[in-house]
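Letters A, B, ... mirror the listed sequences (proteins, then strands); counts begin at 1. This is a predicted model, so every value here is computed, not measured.
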There are 2 protein chains.
Amino acid sequence: MAKNAGDDARSAGELAEAATELRVTLYRIVRQLRTAQSALEITSSQSVVLDRLVTDGPATVAALARAENVRPQSMRVTLAALEERGMVERSPHPTDQRQVLLSVSAELEQQLAVIRSLKEDWLARSMAAKLGRAEQDALLAAIPLLRRLLEP
Amino acid sequence: MAKNAGDDARSAGELAEAATELRVTLYRIVRQLRTAQSALEITSSQSVVLDRLVTDGPATVAALARAENVRPQSMRVTLAALEERGMVERSPHPTDQRQVLLSVSAELEQQLAVIRSLKEDWLARSMAAKLGRAEQDALLAAIPLLRRLLEP
DNA sequence: TATTGTTATACTCTATAACTATA
DNA sequence: TATAGTTATAGAGTATAACAATA
């Protein structure tokens with residue numbers, strides 16, 4: 001009758017201690033990512049929104065805010081920065097005049113692909129330089145698990 | 001003569017794309033961690049410094065800044081907040097009058113252990129509720145790999 | 001009345017620049 | 001001169017509160 005999907009449960013203390021280690025490490029990595037600027041010279045927050053728009057297509061401010069778990073007011077600031085730099089375009093919603101659809105321009109989308117293939121970011125370079133193939137696999141295997149934690 | 005420690009190298013494009021996925025996911029998790037407040041009601045940044053002090057013992061502002069890869073001025077702000085709340089104490093360096101040693105009070109250290117064992121934080125709860133034992137193991141296996149990426 | 005978007009304001013984290021005190 | 005610490009200031013990211021326009 002365990003709440004876990006697995007069999008033998010880890011003790012609460014063990015898991016909590018491990019979670020602290022994980023939390024601290026994740027925080028340090030993300031801080032490093034923030035200072036190691038991307039080729040596009042955009043911030044992490046902007047990069048994540050662009051990725052969302054590329055992956056899921058055009059969306060409204062409210063929808064993006066819900067998807068990224070931030071307030072619409074906060075998402076608006078990020079989008080305004082991207083819009084000011086011409087990376088994101090806005091168009092009216094076809095039927096609902098309240099809504100505004102945000103989208104990534106075709107040129108930028110292509111540019112993003114090029115940049116990724118050049119692996120100009122700190123994370124890709126570090127993974128290539130410091131981890132072996134099996135270790136890279138182990139690290140990437142954590143991605144879907146982290147995503148599961150974010151699910152409602 | 002691969003730069004990698006492993007054998008068959010991943011293509012640059014593959015790795016860069018995977019790195020983008022990882023980066024975006026890590027950012028989302030850390031953002032979630034920031035809003036899901038800890039039992040101590042301290043910020044992530046403060047929590048990481050406390051963890052460092054508990055793990056490595058008393059240290060100076062400059063040493064903590066180096067260890068956490070931030071500027072001394074930034075570390076000072078974090079430490080000032082912890083000091084104001086009585087979580088961190090300062091004592092003069094025995095020989096060098098310029099330096100100030102920061103340490104966690106004994107009471108707080110004990111309190112931290114209790115809090116961890118109660119697994120009151122979002123990450124531990126999510127891992128327990130959403131991942132099985134093997135998945136937890138897979139996720140925790142990523143910790144040392146992420147740490148390696150942070151090494152100089 | 002509920003939803004979308006917006007403006008105003010504030011707090012945290014981090015940075016750079018410039019300063020003081022000690023080594 | 002170099003190092004430790006500090007003060008001042010600024011920008012990014014996020015939050016809450018209050019408001020306007022539309023559904």
What are the two closest heavy atoms between A:Leu64 and A:Met75, and how far apart are they? O-CE, 3.6 Å
With heavy atoms under 4.0 Å as the rule, sort B:Val77 into base, sugar-phosphate or nothing. base
Where the side chain of B:Gln46 is concerned, which of C:dT6, C:dC13, D:dT6 is the nearest nucleotide? C:dC13
How long is the line joining NE2 of B:His93 and C1' of C:dA21, in whole Å? 16 Å
Side chains of B:Ser44 and A:Arg23: donor-acceptor distance under 3.5 Å anywhere? no
Walking DNA chain C from its 5' end, the first of B:Gln73 and B:Ala81 to be reached, judged by nearest nucleotide, is B:Ala81
Ignoring hydrogens and angles, answer whether the base of C:dT3 and the side-chain atoms of A:Arg98 contain a donor-acceptor pair closer than 3.5 Å. yes
Ignoring hydrogens and angles, answer whether the base of C:dA15 and the side-chain atoms of B:Ser74 contain a donor-acceptor pair closer than 3.5 Å. yes
Where the side chain of B:Thr35 is defined as all heavy atoms beyond and including C-beta, which of D:dA15, D:dA4, C:dT4 is the nearest nucleotide? D:dA15
Judged by nearest nucleotide, the residue sitting upstream toward the 5' end of DNA chain D, A:Gln97 or A:Ser45, is A:Ser45
Step-by-step side-chain contact (heavy atoms from CB on, under 4.5 Å) determination, A:Trp122 to A:Leu33: CA-CA 7 Å; A:Trp122 171 83; A:Leu33 286 170; 3.6 Å; yes
To the nearest angstrom, how far is B:Gln99 atom CD from D:dT3 atom P? 12 Å
5' priority, DNA chain D, between A:Asp96 and A:Thr43 [closest heavy atom]: A:Thr43
First locate atom CG of B:Leu146, then atom CG of B:Leu26, and finally report the distance between them rounded to the nearest 0.5 Å. 6.5 Å
Between D:dT14, D:dA2, D:dT6, which one does the side chain of B:Arg31 approach most closely? D:dT14
